[in-house]
There are 4 protein chains.
Amino acid sequence: MSRGNTRQRIQDVALEMFAERGYEKSSLREIAEQLGVTKAALYYHFKTKEDIVISIVDDLAAKPCAAIVAWAEHQPRTLETKLEVLRRYSGAVSHAARLFRFMQENQAAMRELSIGETMKSHIFTLLDLLRDEDAALADQVRCSSALFTIHATPYTLREIGATSEEKRKAALEVAQELVTRAHQDGEAGTTETAKGAGTRGTPKAAETTGSAA
Amino acid sequence: MSRGNTRQRIQDVALEMFAERGYEKSSLREIAEQLGVTKAALYYHFKTKEDIVISIVDDLAAKPCAAIVAWAEHQPRTLETKLEVLRRYSGAVSHAARLFRFMQENQAAMRELSIGETMKSHIFTLLDLLRDEDAALADQVRCSSALFTIHATPYTLREIGATSEEKRKAALEVAQELVTRAHQDGEAGTTETAKGAGTRGTPKAAETTGSAA
Amino acid sequence: MSRGNTRQRIQDVALEMFAERGYEKSSLREIAEQLGVTKAALYYHFKTKEDIVISIVDDLAAKPCAAIVAWAEHQPRTLETKLEVLRRYSGAVSHAARLFRFMQENQAAMRELSIGETMKSHIFTLLDLLRDEDAALADQVRCSSALFTIHATPYTLREIGATSEEKRKAALEVAQELVTRAHQDGEAGTTETAKGAGTRGTPKAAETTGSAA
Amino acid sequence: MSRGNTRQRIQDVALEMFAERGYEKSSLREIAEQLGVTKAALYYHFKTKEDIVISIVDDLAAKPCAAIVAWAEHQPRTLETKLEVLRRYSGAVSHAARLFRFMQENQAAMRELSIGETMKSHIFTLLDLLRDEDAALADQVRCSSALFTIHATPYTLREIGATSEEKRKAALEVAQELVTRAHQDGEAGTTETAKGAGTRGTPKAAETTGSAA
DNA sequence: AATGAATGAGAGTTCATTCAT
DNA sequence: GATGAATGAACTCTCATTCAT
């Protein structure tokens with residue numbers, strides 16, 4: 001019936017389903033049904049269920065991330081480089097928003113998958129491009145939050161009336177702001193000492209109450 | 001063997017397993033096995049598998065969040081109130097770190113559970129306490145990132161050598177910084193106009209390159 | 001319905017089926033159907049399909065063989081001991097004729113099963129009780145044929161009109177005769193020299209024709 | 001790549017696999033993979049999986065056996081004829097050792113195959129050439145053991161350091177010895193009476209102990 | 001002389017759940 | 001306060017086979 005595009009169609013439908021219902025709740029039977037083929041057909045194109053998710057993640061997330069890392073390795077570790085990393089990461093995420101949402105919401109499942117390890121290491125490598133090994137804790141937090149912000153925003157702002165391009169820009173802006181702050185901290189103070197506790201108008205995290213249970 | 005604390009032990013072991021392996025991958029058989037009881041015993045204490053997770057989430061996350069919301073509703077919508085909300089939320093999270101990690105990594109599974117809806121609405125209510133309905137997009141992002149930062153940090157910084165209390169403080173600091181910024185933006189400009197695009201030394205999110213594939 | 005005998009019934013029906021149709025051709029569905037239970041019930045009593053076969057072989061073949069070996073180890077390596085080994089082995093085989101038939105006809109399947117290894121080593125240990133490490137080839141053959149004869153006879157003579165007890169006695173007789181011959185050879189000659197080529201009226205294996213294709 | 005010999009190569013690889021893994025455990029996918037062709041290619045050369053095994057057995061076992069039978073039918077039923085039958089059978093077996101091993105280890109699978117019936121009847125015909133319809137039971141046993149010995153020996157002696165030709169000769173020798181004995185018994189006694197219970201130094205199968213559990 | 005794409009049937013296995021005791 | 005025994009539904013995966021090209 002349809003020509004050689006079945007493989008692609010499987011990936012599309014599978015990703016849709018994985019993102020909507022979660023990885024474990026999405027059965028191959030359902031995917032096949034929605035495609036109008038038999039389960040066995042899926043197995044003609046992919047060796048296992050995991051293989052399907054691998055092929056998707058690899059193309060839409062792992063490779064793009066690897067490309068960013070590869071590019072960044074040949075750049076000086078300047079602030080501008082870091083901001084460009086964020087820009088590119090933002091581009092990659094928005095290019096495969098459904099997939100990144102899936103990965104974020106299915107981290108537990110991803111952890112059991114081989115590709116999960118791969119992605120984790122990619123993300124940590126990106127993180128290492130942004131942060132200083134021995135920066136103050138708060139700066140480390142800023143850098144991971146920057147990354148998180150970029151891929152979580154499409155989801156957290158999903159009910160807000162704005163184009164996804166606008167949301168992406170907003171997320172990128174905040175992420176860059178966080179990384180910029182961390183970078184400047186790294187240049188100002190020399191050791192763990194002066195860093196961390198915010199200056200520049202940010203109120204100290206005065207812990208007064210805190211109980212919540 | 002053990003006294004009438006079986007119910008509690010089930011919750012403990014279940015949470016451990018859910019957090020470690022994911023909700024769907026944790027079978028009642030395994031939980032029972034690790035407890036040294038039979039599956040049927042679980043059913044004496046809980047009506048369903050979902051019931052177990054509900055009971056845990058309810059005690060350790062839903063109620064604490066509800067308490068924060070209840071408290072905040074009687075407070076003025078000042079910056080100080082917002083910071084206190086973060087403080088309390090940080091306290092709640094650190095009090096049930098494994099559970100929050102579980103919820104974050106199993107969002108897909110949570111979505112299918114009744115308690116998932118509940119938690120989602122709690123989080124969104126908290127968010128609404130922090131942000132202005134019609135604030136600039138970037139400020140909305142800042143507020144959700146603040147929340148995210150608080151419950152994601154234990155995980156993202158898990159390989160860093162620092163006590164979890166230190167990490168918590170760092171996360172709280174960054175979260176408060178983000179909310180403070182958003183709050184000040186809200187007071188400065190009146191409408192969507194002047195807001196958003198960062199001033200105060202943050203570089204404009206100049207999108208130059210961006211390709212990543 | 002039926003009391004605690006389900007486990008036993010599963011073993012019975014399974015063995016019947018395995019022997020009749022072969023291991024791989026016997027599906028758990030069929031076994032369950034014939035028992036009037038569901039497949040899942042089988043899994044309550046046995047961890048896997050292999051587990052069923054293991055439990056049967058272990059009780060009816062492995063343990064009896066081990067017992068023979070254990071007994072023989074404390075006996076002098078005389079002819080009489082060897083003949084007694086055969087006698088006991090014959091008893092074990094006739095006690096679980098269907099199982100031995102199954103094992104013989106499903107050696108390929110057995111080889112993939114963990115219990116297959118176990119049984120193989122039992123048989124080889126028995127063989128080592130009968131034969132001399134460095135006996136002439138023909139005597140080694142006699143000893144293995146003796147063992148083979150005992151468990152193959154119920155099958156090869158199955159269409160002959162005689163009680164199985166009569167057949168068993170006949171098989172045992174031939175087996176003992178073979179082992180006796182091998183034993184006497186071992187005592188007569190000292191090295192590979194004089195042994196092997198039969199005396200006592202047996203015609204030399206004069207190879208004249210031999211082509212068959 | 002290879003010339004028009006694909007059909008032959010399929011048979012070779014298939015036999016190898018069947019012998020190594022068993023008939024049911026050998027899938028056409030694996031066979032095709034090892035050959036570097038697709039499953040469909042197998043179907044160009046053979047109608048079914050069974051067809052492959054049939055073609056192999058037919059050439060390497062059924063026809064040679066039939067030839068032996070055909071030859072023997074025109075011979076007098078003397079001892080010398082019987083010994084020659086064994087000689088020829090031994091030749092056939094050693095010429096297709098892997099196949100005979102396969103058939104022996106996969107009797108359960110063979111039974112379901114049409115060629116299984118064929119082979120069974122060949123073997124029984126051969127048996128009938130060796131034994132007397134109404135010989136004593138023990139003599140019947142001797143004759144079937146003779147046949148068994150010939151095709152089982154390559155396997156039972158597989159760990160012994162000797163050439164396969166040496167093993168074959170040893171097996172043949174024992175087989176001939178067994179048949180000779182049976183033949184002589186047949187001539188001595190006239191009816192069931194005097195036969196069976198061994199004379200010539202073989203100890204009577206005195207059943208004393210026999211317990212094995 | 002062979003492939004690419006697919007199918008239908010069925011395999012073994014696991015799951016949450018039930019209920020009489 | 002639990003267990004032993006079982007179920008029904010679903011799962012992932014594999015198989016031999018087909019057929020248009």
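A note on names: the letters A, B, ... follow the listed sequences, proteins ahead of strands, and every chain is numbered from 1.
- The nearest whole Å value for the distance from the OH atom in Y44(B) to the P atom in dC19(E) is 17 Å.
- Residue T38(A) places none of its side-chain N or O atoms closer than 4.0 Å to OP1 or OP2 of dA6(E).
- Phosphate proximity of dC15(F) to R29(D): present, with a side-chain N or O under 4.0 Å from OP1 or OP2.
- The main-chain N or O of S114(A) is found under 3.5 Å from a side-chain atom of E50(A) such that the two form a donor-acceptor pair.
- Under a cutoff of 6.0 Å and an axis angle of 45°, K49(C) and Y23(C) form a cation-pi pair.
- Nearest to the side chain of Y43(C), among dT14(E), dT17(F), dC19(F), sits dT14(E).
- Nearest-nucleotide mapping onto DNA chain F: of H45(B) and E24(D), the residue sitting toward the 5' end is H45(B).
- Atom pair K47(C):NZ and dC15(E):P shows a separation of 14 Å (rounding to whole Å applied).
- The interatomic distance linking L28(C) (CG) with dA10(F) (P) rounds to 20 Å, in whole Å.
- One interatomic measurement links the two molecules: NZ of K39(D) to P of dA1(E), which rounds to 22 Å at whole-angstrom precision.
- Across all strands shown, dT21(F) pairs with dA2(E); the Watson-Crick or G-U wobble distances both stay below 3.5 Å.
- Within the 4.0 Å cut-off from OP1 or OP2 of dA6(F), at least one side-chain nitrogen or oxygen of T6(C) is found.
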